[in-house]
Protein chains: 2
Amino acid sequence: MAVPSTAVASSRKKRGEGHTRREEILQAAKELFLEAGYDATTIRRIADRVGVSAPALYLYFHDKEAMMLALCDQTFGHLVEHVAFIEKTVSDPLDCVRQFGEAYARFGLEHPDEYRLVFMGNNMPESVRKVGHRMATDDPTRPGVGGAIVFSRLVAMLSRLEASGVKLNYPPDTCAELCWMGIHGVVAALIMKPDFPWSNRETLIKGMLDIVVKGLVR
Amino acid sequence: MAVPSTAVASSRKKRGEGHTRREEILQAAKELFLEAGYDATTIRRIADRVGVSAPALYLYFHDKEAMMLALCDQTFGHLVEHVAFIEKTVSDPLDCVRQFGEAYARFGLEHPDEYRLVFMGNNMPESVRKVGHRMATDDPTRPGVGGAIVFSRLVAMLSRLEASGVKLNYPPDTCAELCWMGIHGVVAALIMKPDFPWSNRETLIKGMLDIVVKGLVR
DNA sequence: AAGATAAGTTATCGTTGATAAGTTATCAAT
DNA sequence: ATTGATAACTTATCAACGATAACTTATCTT
């Protein structure tokens with residue numbers, strides 16, 4: 001005996017209005033992914049929340065993975081904008097890196113589920129696993145470039161820092177990787193083991209940034 | 001048309017010899033988990049490799065997760081031993097921390113699936129997600145305590161470092177957390193995005209350790 | 001009114017993890 | 001040597017999953 005659908009059936013869209021259904025699906029998928037995670041969110045549950053049959057989702061997305069990719073783009077767009085704002089408004093390159101780190105960590109902690117899905121999704125399909133690191137040379141219209149864009153801005157910041165005369169202990173790419181890995185380590189730990197008796201969050205974030213900055217510049 | 005089993009059927013175990021079958025299952029599961037990852041390894045494939053029917057696995061393990069937990073214990077046991085060896089043989093406390101970091105990173109990169117399951121398992125059942133941070137007060141015979149033991153040794157090392165007269169910028173717990181987060185960041189990144197054009201692995205590991213050590217000691 | 005087609009539906013497939021219920025081999029005690 | 005208990009299995013089956021094929025229905029254009 002199947003559980004009866006709790007959702008009100010949604011009326012059929014008029015011609016040319018399919019894209020609104022697409023957005024409804026995306027919204028429902030986002031809610032469910034955030035409520036229950038990727039695996040626990042089934043095609044059928046998404047369809048049920050939208051008020052439509054399961055195969056209808058395949059009219060708008062090639063598969064489950066494509067929905068996730070679209071959501072990643074959406075969420076990361078906000079972070080990309082924020083980082084761009086920092087780059088424009090903060091003149092001191094070192095300060096810029098610090099503010100990037102704080103914004104990044106704050107973003108991760110404020111969107112733990114999206115963060116997990118993009119940067120910690122260990123059982124996602126390959127194309128989703130690769131979301132965070134598609135290079136700028138890839139087609140920018142392809143879904144999933146948000147993570148790569150954010151990272152590339154960090155590389156740019158560190159290049160600018162080096163160009164401003166500050167001596168780095170490693171090439172800018174390596175510095176960016178180490179910087180990102182350090183911050184990511186903090187965010188990942190706090191997100192994944194929220195019940196562990198960690199030290200104060202702010203202390204850890206500021207502490208890691210201090211460590212990284214001190215360790216990267218000569 | 002089902003794919004015919006390629007495995008030779010294994011003969012029934014004699015009475016009291018069930019534990020050997022349990023070990024056979026664990027061995028096959030380990031091979032398959034490492035070959036194809038957790039999700040791609042199905043109960044049926046494990047059973048097929050052992051030469052036994054799928055439900056037979058449930059005579060020895062409550063579910064798929066329990067097999068992975070048993071393997072995690074097995075694998076993390078080696079790391080625990082290695083860390084204990086370092087503590088015994090390396091006299092200089094700072095050197096001890098460095099060697100811990102290198103051993104930890106090497107372990108993670110050599111056992112990416114176990115590492116992911118213990119420290120990055122965001123979609124695992126709750127009992128597996130909590131594997132890494134069960135405290136020493138928990139029942140030590142329960143599966144999955146390896147991660148907590150390893151972390152507690154790092155705290156001990158940093159306490160020893162402080163006791164030896166070295167001034168730390170944070171309390172030993174916080175230092176251990178930051179140190180672990182840094183190394184974990186490196187390992188997690190390399191494991192999760194293996195196709196990204198990262199800098200040299202050794203450079204990143206040594207670099208992160210340099211950064212952390214330099215940043216933690218006054 | 002009629003054809004084209006966007007926007008759905010129902011029925012179904014193969015696969016998954018897991019369980020129920022029955023079977024067979026082995027051992028201990030009579 | 002037979003019997004009873006039980007360890008060590010098997011076969012049959014379940015519900016849920018992602019996905020597809022094939023069919024229907026509503027809407028727009030001409």
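By convention in this document, chain letters (A, B, ...) are assigned in the order of the sequence lines, proteins followed by strands, and residues within each chain are numbered from 1. Atom set for the values below is all heavy atoms of this structure, side chains included, hydrogens, waters and symmetry mates excluded.
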| message | Please determine whether salt bridge (Lys or Arg N to Asp or Glu O under 4.0 Å) holds for the pair E24(A) and K13(A), giving the CA-CA distance in whole Å, both sets of side-chain angles, and the decisive distance to 0.1 Å. | response | CA-CA 11 Å; E24(A) 288 173 23; K13(A) 296 292 178 185; 2.7 Å; yes
| query | Rounded to the Å, how far apart are H62(B) NE2 and dA18(C) C1'? | reply | 9 Å
| note | Taken to the nearest whole Å, OH/Y58(A) to P/dA22(D) is 17 Å
| Atom-to-atom span, CG of D39(A) to P of dA16(D) - whole angstrom | 17 Å
| request: To the nearest 0.5 Å, tell me how far L79(B) CG sits from F100(B) CZ. | output: 7.0 Å
| query | Can you tell me how far C1' of dG18(D) sits from CG of D63(A), to the nearest Å? | reply | 9 Å
| query | Could you give the CD1-to-P distance, from I43(A) to dG14(C), as a whole number of Å? | reply | 20 Å
| request: For R22(B) and dC9(D), give me the distance from atom CZ to atom C1', rounded to whole Å. | output: 17 Å
| Across the strands shown, which category fits T41(A) at heavy-atom distances under 4.0 angstrom: base, sugar-phosphate, nothing? | sugar-phosphate
| said: As a test of understanding, state which of R153(A), R160(A), H82(A) forms a side-chain hydrogen bond (donor to acceptor under 3.5 Å, both in side chains) with E87(A). | reply: R153(A)
| Roughly how many Å is it from NZ in K64(B) to P in dT19(C), rounded to a whole number? | 14 Å
| said: Can you confirm whether or not the ring centre of H62(A) sits under 6.0 Å from the ring centre of Y58(A)? | reply: no
| task | Whole angstrom is fine here: how far is it from CZ in F61(B) over to C1' in dG17(C)? | result | 16 Å
Enumerate all atom pairs, one protein N or O and one N or O from nucleotides 6-10 of chain C, separated by less than 3.5 Å.
residue	atom	partner	partner atom	Å
dA7(C)	OP1	K14(A)	O	3.4
dA7(C)	OP1	G16(A)	N	3.2
dA7(C)	OP1	E17(A)	N	3.3
dA7(C)	OP1	G18(A)	N	2.8
dA7(C)	N3	R12(A)	NH1	3.1
dA7(C)	N3	R12(A)	NH2	3.3
dG8(C)	OP1	K13(A)	N	3.3
dG8(C)	OP1	R21(A)	NH1	3.0
dG8(C)	OP2	R21(A)	NH1	3.4
dG8(C)	OP2	Y60(A)	OH	3.0
dT9(C)	OP2	S53(A)	N	2.8
dT9(C)	OP2	S53(A)	OG	2.4

| message | Give me the atom names and distance for the closest heavy-atom approach of V187(B) to A105(B). | response | CG2-CA, 3.7 Å
| Does the gap between the ring centers of Y104(A) and Y115(A) come in under 6.0 Å? | yes
